[in-house]
Amino acid sequence: MPMSELDQYDYELPEGLIAQYPLPDRSAARLMVVDRSSAQVRHHHVSDLPDLLDPDDCLVINDSKVIPARLLGYRRQTGGRWEGLFVDRDTRGIWRVLGKTRGKLAAGERIVLINALGRDDIELEFLARLPDKTWAVRPCSSEDPFALLDRVGRVPLPPYIRKGEMRPEDRQAYQTIYARDPGSVAAPTAGLHFTERLFHRLIDRGIAICRVTLHVGLGTFQPIKVESLDQHVMHREWACLRPDAVEIIQTRRRAGGRAVAVGTTSMRVLETAARAGELRPFCGETDLFIRPPFQFHAADALMTNFHLPRSTLLVLVRTFGGDSLLRRAYEEAVNQRYRFFSYGDAMLIV
C-alpha cells in the first residue's frame with residue numbers, strides 16, 4: 001500500500017520516552033538546537049538559552065493560563081459516573097462541555113460535580129447537544145466561572161500523562177510561571193521550561209520578552225484523521241497580539257534581532273497577525289494551519305517541545321524547520337533518549 005501524506009508524519013516512539021513528570025528544575029530540561037543554515041544538530045540544556053540567543057533577540061511567550069477544565073461527577077437521575085471537559089462559555093453564562101458517560105444523556109438531565117475534596121458540589125443542567133458533539137449546559141451557580149472551576153475542576157492533563165490523572169503538584173507544574181489570562185484547556189508546553197532565574201538571566205543579557213495570548217482549545221487533543229493535510233479542518237482558537245508587542249518585535253528585528261516564538265501557539269499568533277506579509281496587531285479567532293508550502297513572515301526561530309506523531313503541531317514544526325532535517329532531529333532525539341511531549345525536553349530551531 002502506498003504511503004499517504006499523513007503517514008510521512010508518523011514515527012516510532014518507545015513508550016518509556018513519554019515524560020510522566022516534569023523535572024524538579026524546569027530549566028534543567030535538555031534542549032536540542034537545530035540549525036537550519038548548517039543542517040547541524042547540537043545538544044544543550046534550556047538553562048543555556050541566554051548564551052544561545054543574541055542580545056537583540058526577542059522571546060515571544062504565550063501568557064494564556066490553563067484552567068482546571070477536567071470535570072468529574074455523576075448523573076443525578078441514575079447515579080452513573082460522568083466525566084467531562086469544560087471548553088468555553090458564552091456571554092449568557094452558558095458553558096460548552098464535552099462529556100462521556102454510560103448510556104445517553106438527555107436534555108434536562110443534571111450532573112452533580114464532585115469537587116477536589118471528593119464532595120458533592122454544584123450541579124450542571126444539560127440544555128442541548130450541539131453539532132460539534134459538545135453540550136450546552138447551565139451551571140446552577142452564580143459564581144464567577146473561573147473561581148468555580150478552581151474548586152470543582154482538575155488539571156486537564158493529556159491522556160499520555162498518567163492516563164490524565166492529576167496529582168496536586170500538577171496545578172503548578174502544568175502552568176507556565178508567566179500565565180495570567182485564563183482560557184486554555186492545555187498548557188503551551190514550551191513555556192513550562194522557564195523559571196524566574198532564567199528570565200532574569202535572559203533580561204540581563206538584553207533579550208526582550210513580549211507577551212501574546214492564544215487560548216489552547218479542544219482541537220489540541222484531536223489528531224489528524226484524514227489522509228491528506230488539505231482535508232483537515234483546523235480548530236479555531238482565540239488569539240491576541242497587542243500593539244505594544246508588535247512594536248517590540250519590529251524594533252528588535254530592525255536592529256538585526258530575531259523573533260523567537262516560544263511554542264507553536266506563539267508561532268500561530270505571530271503568523272496569523274502577519275498573513276498580509278507584515279506584522280500587525282490582531283485580536284480574534286484563528287484557524288491557521290501551518291503546513292507546506294507555508295511562507296513565514298514573522299517568526300525567525302522556534303522553541304518547542306517534541307510532538308505527537310500525525311499531529312498538526314508536528315506538521316508545523318517540520319514545515320518551519322525543514323522536513324528532512326527535522327526527521328533526522330527526531331530520530332536523534334529518540335536515539336539520545338530525550339523526554340517527549342508536554343513534560344518532556346525541548347528543541348530550539350534557529
Side-chain angles (χ1 to χ4, degrees), residues 26 46 49 53 56-67 88 146 174-196 198-199 202-203 207-220 234-255 257-290 294-305 307 312-313 316-317 319-320 342 346-350:
R26 294 175 181 232
V46 173
L49 199 58
L53 299 179
D56 287 329
D57 289 342
C58 174
L59 278 179
V60 182
I61 60 175
N62 178 10
D63 66 6
S64 182
K65 187 175 184 179
V66 179
I67 55 178
D88 56 31
F146 293 128
Y174 196 65
Q175 193 81 267
T176 65
I177 63 168
Y178 48 78
R180 68 181 183 188
D181 191 357
S184 282
V185 298
T189 55
L192 296 180
H193 300 291
F194 287 87
T195 63
E196 293 288 355
L198 180 56
F199 269 129
L202 289 161
I203 293 168
I207 296 161
I209 296 170
C210 67
R211 294 170 177 262
V212 299
T213 304
L214 183 140
H215 292 321
V216 185
L218 190 61
T220 195
M234 194 70 174
H235 53 284
R236 303 185 72 86
E237 294 168 316
W238 188 86
C240 193
L241 174 67
R242 296 168 182 84
D244 59 331
V246 172
E247 179 61 29
I248 293 170
I249 294 166
Q250 289 177 333
T251 300
R252 289 296 173 126
R253 294 182 88 191
R254 283 195 295 265
R258 297 168 295 182
V260 182
V262 177
T264 58
T265 57
S266 296
M267 168 78 82
R268 289 183 65 225
V269 178
L270 290 176
E271 295 302 331
T272 295
R275 290 299 293 275
E278 180 183 354
L279 192 66
R280 298 173 181 172
F282 172 87
C283 276
E285 287 192 326
T286 178
D287 60 355
L288 178 63
F289 181 14
I290 296 177
F294 188 83
Q295 183 67 44
F296 292 89
H297 296 293
D300 304 300
L302 172 65
M303 179 178 170
T304 185
N305 281 23
H307 298 293
T312 60
L313 305 182
L316 181 156
V317 169
T319 303
F320 182 74
S342 297
M347 169 186 286
L348 177 65
I349 305 172
V350 297

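Please read all numbers here as calculations on a predicted model, not as lab measurements. FYI, side chains are in, hydrogens and waters are out, and symmetry mates aren't considered; it's all heavy atoms of this structure.
When atom types are taken as modelled, the side chain of Glu271 and the backbone of Ala298 share a donor-acceptor pair closer than 3.5 angstrom. The main-chain N or O of Leu279 is found under 3.5 Å from a side-chain atom of Gln250 such that the two form a donor-acceptor pair. No donor-acceptor pair under 3.5 Å is formed between the side chain of Glu285 and the backbone N or O of Glu237. A donor-acceptor pair under 3.5 Å is formed between the side chain of Arg26 and the backbone N or O of Leu192.
The aromatic rings of Phe296 and Phe320 sit perpendicular to each other, their planes meeting at more than 60°, with 30° as the lower class boundary.
The side chain to side chain contact (heavy atoms under 4.5 Å, CB included) with Val262 is formed by just one residue from the set Thr176, Ile209, Ile61; it is Ile61.
Between the side chains of His215 and Asp88, no donor-acceptor pair of N or O atoms lies under 3.5 Å. Donor-acceptor pairing under 3.5 Å is lacking for the side chains of Gln295 and His297. Using modelled atom types, one finds a donor on one side chain and an acceptor on the other under 3.5 Å when comparing Thr265 with Asn62.
With ring centers used as reference points, Phe294 lies 6.0 Å or more from Phe289.
Checked for salt-bridge contact, Arg252 and Asp57 miss the test: no charged N lies under 4.0 Å from a carboxylate O.
Using a 4.5 Å heavy-atom threshold, the side chains of Leu53 and Val260 count as touching. The shortest distance between side-chain heavy atoms of Ile67 and Phe146 falls below 4.5 Å.
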* Asked: Asp181 and Lys65: salt bridge (Lys or Arg N to Asp or Glu O under 4.0 Å), yes or no, with the steps?
  -> CA-CA 5 Å; Asp181 191 357; Lys65 187 175 184 179; over 6 Å; no
